[in-house]
Chemist: 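The structure under discussion is supplied below as structure tokens; questions concerning it will follow.
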Amino acid sequence: YQEWKNTLTGESGDLVKFAKESYNNYGIKIDETTQNITFSEWLPNASEVYITGDFNSWNTTECPMEKGDFGWWNITLEGYQGEDGNVHPKIEHNTKFKLFIKTPDNSEGFFRNPAWSKVAHQDEKDLLFTNVMWNPAEKYEFQHPRPEKTNGLRIYECHIGMSSSEEKINSYREFADDVIPRIVYGGYNCIQIMAIMEHAYYGSFGYHVTNFFAVSSRFGTPEDLKYLIDTAHSHGLQVLMDIVHSHCSKNVLDGIAQQDGTDYQYFHSGAKGEHSDWDSKIFNYDQYEVLRFLLANIYMWIEEYKFDGFRFDAVTSILYHHHGIGVGFSGDYHEYFSMSTDIAGVAYLMLANDLAHSLIPNGVTIAEDVSGMPGLCIDIEQGGIGFDYRLNMSCPDTWIKYLKEFKDEDWDMKHLAHVHTNRRYKEKTIGYAESHDQALVGDKTLAHHLIDEEIYEGMARDYHSEKVDRGIALHKMMKLFTFGLGGEAYLNFMGNEFGHPEWVDFPREGNGS
């Protein structure tokens, strides 16, 4: 960690400065005065790079980029004076553009979206995502400060698109206006949002990211997301983002996989760069430009969108070379500190926590780790990895096991209490009774397990059912049990607070949408 921090920051030792300069100097930027566009992209394997799009009728040779140091390609597109007498950028707001790249192995060339793309829209015909210039005349201005950090987090986990009671994909603004007041009324003081980073496959629930700097366009625009976060802040809610830096979609046409024609630009080469369970790519955390990319990404979400922290997805995959695949963790310390431990991955998580907490001292970082890595939630200065909380993943697993294997009158309360309180001293955890996996396609919610088929026919007020009465009572008891013993914070996935039947679904082939 310290070696990488020194390498990245030099004599200043300022990680915030490194992330800020990386974000401000790379990708695409517009000078507000001259309307000149500067664009930089890291493509170390490229032999020729061009920028092309609606602005030049997709002429692939008109705007060549110049190769600089360390595989970076650069171009400046000067603003022009329009008929209205004003200076305009060469690439207008909300118009499409891409990179056209040639490599030593492919002289014919191929199109790619920029890695630092801020917005990508899906084409209605070929369904491919294309980078879009986002430079609105009226940019959203935040009106409300970040809420103060609380020691008793009550987190409402949600997915914007699935949050509507109507049969449609919900929007950022509708969520802000219709759902946030209900969250506040329910007594929560924090929301954790899934699927913000752009993902070409909606059915991945946001976990197969294609465009890391882009806001998911299915739910609205970047300005709409800022409105949502500002609205949450006005109600005193902290807003956490489910950030996916553990792996990346293998989608070549929409995302950053094989962006410069190689499989090792941002990732490990060959089998080491493949996550066999998720069919995705594994980042190479021991690579300078990969760290720049990921740390600048954290900087952007915090500074530009005002997120108050992150829930880091699949931390286990980052911590170990085996990514947790086929490994059962018993708690033996040799499982945590061995040749299986990915030192570069651990160092990256420390850098990420260092940066996040330097930017927002009141911020929150949460680790989703199934292994139980010691020191995960200990301050970096004390030798830890620096997270504020870890998810108590044994709680939902144990409740499901009990529902499937035991009658409720046979539940072992001593064992349940042990599972809920079995955590390391001073490492804060988040208790939750059921995970979002149970509420999404493929499983049942706790309420559905408890009430089963009666959830369809036996819920009317004028209909009495002992199974429903018992199920509702147990549902409340399980939630209260986890709330009281599961950790220093509590999490609920949307719909689970009132016993959503079956699962929260989304438009897909399987349900005829």
Side-chain angles (χ1 to χ4, degrees), residues 20-41 49-66 68 72-101 111-126 128-144 171-174 176-177 198 211 213-231 254 296 299-301 303-306:
K20 180 179 181 179
E21 290 181 349
S22 295
Y23 178 63
N24 288 336
N25 295 334
Y26 298 98
I28 193 158
K29 307 298 173 189
I30 299 180
D31 186 295
E32 295 294 338
T33 303
T34 64
Q35 296 297 302
N36 289 350
I37 294 174
T38 56
F39 181 54
S40 299
E41 189 78 15
V49 182
Y50 304 85
I51 184 169
T52 181
D54 294 336
F55 71 96
N56 69 350
S57 301
W58 295 93
N59 185 320
T60 57
T61 59
E62 182 182 306
C63 300
M65 299 180 72
E66 293 184 5
W72 282 93
W73 293 78
N74 310 289
I75 191 172
T76 297
L77 300 174
E78 294 185 355
Y80 69 95
Q81 189 168 18
E83 296 180 357
D84 58 2
N86 296 322
V87 180
H88 298 270
K90 188 163 186 175
I91 305 177
E92 297 284 356
H93 168 63
N94 212 25
T95 59
K96 297 179 179 180
F97 71 94
K98 283 191 173 186
L99 297 169
F100 186 71
I101 303 167
F111 291 98
R112 290 289 187 270
N113 284 317
W116 301 55
S117 170
K118 300 291 288 293
V119 176
H121 288 168
Q122 188 174 30
D123 188 273
E124 294 182 357
K125 294 181 180 179
D126 62 19
L128 293 177
F129 280 75
T130 300
N131 177 71
V132 170
M133 170 63 78
W134 192 254
N135 183 35
E138 295 185 10
K139 296 178 175 61
Y140 187 86
E141 294 186 8
F142 286 87
Q143 304 297 317
H144 304 282
S171 72
Y172 295 121
R173 287 188 176 267
E174 288 171 314
D177 295 338
E198 189 61 272
N211 311 100
F213 287 82
V215 169
S216 181
S217 57
R218 290 183 178 89
F219 318 133
T221 69
E223 312 312 303
D224 294 336
L225 175 60
K226 292 173 184 177
Y227 171 79
L228 184 159
I229 294 171
D230 201 22
T231 301
D254 297 314
Y299 177 87
M300 182 200 75
W301 292 117
E303 287 298 297
E304 186 164 334
Y305 291 92
K306 308 302 181 185

Chemist: How long is the straight-line distance from OH of Tyr172 back to CG of Asp177, given to the nearest 0.5 Å?
Modeler: 15.0 Å
Chemist: Considering residues at least two apart in sequence or located in another chain, which fulfil the ring-ring contact (aromatic ring centres under 6.0 Å, His included) criterion with Tyr305?
Modeler: Trp301
Chemist: Whether the side chain of Asn113 engages the backbone of Asn131 through a donor-acceptor N/O pair (distance < 3.5 Å, no angle test) should be reported.
Modeler: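 Judged by distance alone, yes, a pair lies under 3.5 Å.
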Chemist: Does some side-chain heavy atom of Val119 sit less than 4.5 Å from a side-chain heavy atom of Thr221?
Modeler: no
Chemist: Taking the side chain as every heavy atom from C-beta outward, state whether Phe55 and Phe97 have any pair of such atoms under 4.5 Å apart.
Modeler: yes
Chemist: So, do Ile91 and Ile51 sit near enough that their side-chain heavy atoms are less than 4.5 Å apart?
Modeler: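 The answer is yes; the side chains approach within 4.5 Å.
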Chemist: With heavy-atom distances below 4.5 Å as the criterion, would you say the side chains of Gln35 and Ile30 are in contact?
Modeler: yes
Chemist: Under the rule for ring-ring contact (aromatic ring centres under 6.0 Å, His included), what residues qualify as partners of Phe129, not counting sequence neighbours?
Modeler: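 Phe129 satisfies ring-ring contact (aromatic ring centres under 6.0 Å, His included) with no other residue.
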Chemist: Go through the structure and list residues passing side-chain hydrogen bond (donor to acceptor under 3.5 Å, both in side chains) with Glu21, not counting sequence neighbours.
Modeler: none
Chemist: Rounded to the nearest 0.5 Å, what separates atom CG in Asn36 from atom NZ in Lys29?
Modeler: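 Here the rounded value is 15.5 Å.
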Chemist: Any Lys/Arg nitrogen of Lys96 or Asp54 sitting under 4.0 Å from an Asp/Glu carboxylate oxygen of the other?
Modeler: no
Chemist: Could you check whether Glu304 and Tyr23, counting side-chain N and O atoms only, form a donor-acceptor pair closer than 3.5 Å?
Modeler: yes
Chemist: The criterion is side chain to side chain contact (heavy atoms under 4.5 Å, CB included); which residues satisfy it with Lys139, sequence neighbours excluded?
Modeler: Glu32, Asn135, Pro136, Glu223
Chemist: I'd like to check the side-chain hydrogen bond (donor to acceptor under 3.5 Å, both in side chains) partners of Asp230; sequence neighbours left out, ordered by chain and number.
Modeler: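 Listed in chain order: Tyr140.
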Chemist: Using the side-chain hydrogen bond (donor to acceptor under 3.5 Å, both in side chains) criterion, which residues pair with Ser40? Sequence neighbours excluded.
Modeler: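 Testing Ser40 for side-chain hydrogen bond (donor to acceptor under 3.5 Å, both in side chains), a comparison that skips the adjacent residues, returns Asn74.
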Chemist: Determine yes or no for a side-chain-to-main-chain donor-acceptor pair under 3.5 angstrom, with Thr76 supplying the side chain and Thr38 the backbone.
Modeler: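 It does not hold such a pair.
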Chemist: How long is the span from the OG atom in Ser216 to the CD atom in Gln122, to the nearest 0.5 Å?
Modeler: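 Ser216 atom OG to Gln122 atom CD measures 10.0 Å (nearest 0.5 Å).
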Chemist: Indicate yes or no for a side-chain donor-acceptor contact from Asn56 to the backbone of Trp58 under 3.5 Å, with no hydrogens or angles considered.
Modeler: yes
Chemist: What's the separation between atom CE in Met133 and atom OG1 in Thr95, rounded to the nearest 0.5 Å?
Modeler: 6.5 Å
Chemist: Quick one: does Pro114's side chain get under 4.5 Å of Ile28's, heavy atoms only?
Modeler: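 Side chain of Pro114 against side chain of Ile28, heavy atoms only: no contact under 4.5 Å found.
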Chemist: Before giving the answer on side-chain contact (heavy atoms from CB on, under 4.5 Å), spell out for Tyr50 and Thr60 the whole-Å C-alpha distance, their side-chain angles and the decisive distance to 0.1 Å.
Modeler: CA-CA 6 Å; Tyr50 304 85; Thr60 57; 5.5 Å; no
Chemist: If the condition is ring-ring contact (aromatic ring centres under 6.0 Å, His included), which residues does Phe100 pass it with, not counting sequence neighbours?
Modeler: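 Checked Phe100 against ring-ring contact (aromatic ring centres under 6.0 Å, His included); matches are Phe111.
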Chemist: Are Val87 and Thr34 side-chain neighbours, meaning at least one heavy-atom pair lies under 4.5 Å?
Modeler: no
Chemist: Can you name the side chain to side chain contact (heavy atoms under 4.5 Å, CB included) partners of Gln81, sequence neighbours left out?
Modeler: none
Chemist: What pairs with Glu174 under side-chain hydrogen bond (donor to acceptor under 3.5 Å, both in side chains), at least two apart in sequence or on another chain?
Modeler: Lys168, Ser171
Chemist: Among all residues two or more places apart in sequence or in another chain, which pass the ring-ring contact (aromatic ring centres under 6.0 Å, His included) test with His93?
Modeler: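 With sequence neighbours excluded, His93 shows a ring-ring contact (aromatic ring centres under 6.0 Å, His included) to Trp134, given in chain and number order.
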Chemist: State, yes or no, whether a side-chain contact exists between Phe39 and Ile75 at a heavy-atom distance under 4.5 Å.
Modeler: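 Answer yes - side chains close enough.
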Chemist: Can you tell me which residue pairs pass the salt bridge (charged side-chain N to carboxylate O under 4.0 Å, His left out) test with a partner in residues 75-93, sequence neighbours excluded?
Modeler: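 Passing the test, one end in residues 75-93: Glu62-Lys90.
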Chemist: Find out whether Glu41 and Val49 are in side-chain contact, i.e. whether some heavy atom of one side chain is under 4.5 Å from a heavy atom of the other.
Modeler: no
Chemist: Using side chain to side chain contact (heavy atoms under 4.5 Å, CB included) as the criterion, list what pairs up with Lys20, not counting sequence neighbours.
Modeler: Asn24, Tyr299
Chemist: Could you give the distance from CH2 (Trp116) to CZ (Phe213), rounded to the nearest 0.5 Å?
Modeler: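 That separation rounds to 4.5 Å.
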Chemist: Between the side chains of Glu141 and Lys226, is the shortest nitrogen-to-carboxylate-oxygen separation below 4.0 Å, so that they form an ion pair?
Modeler: no
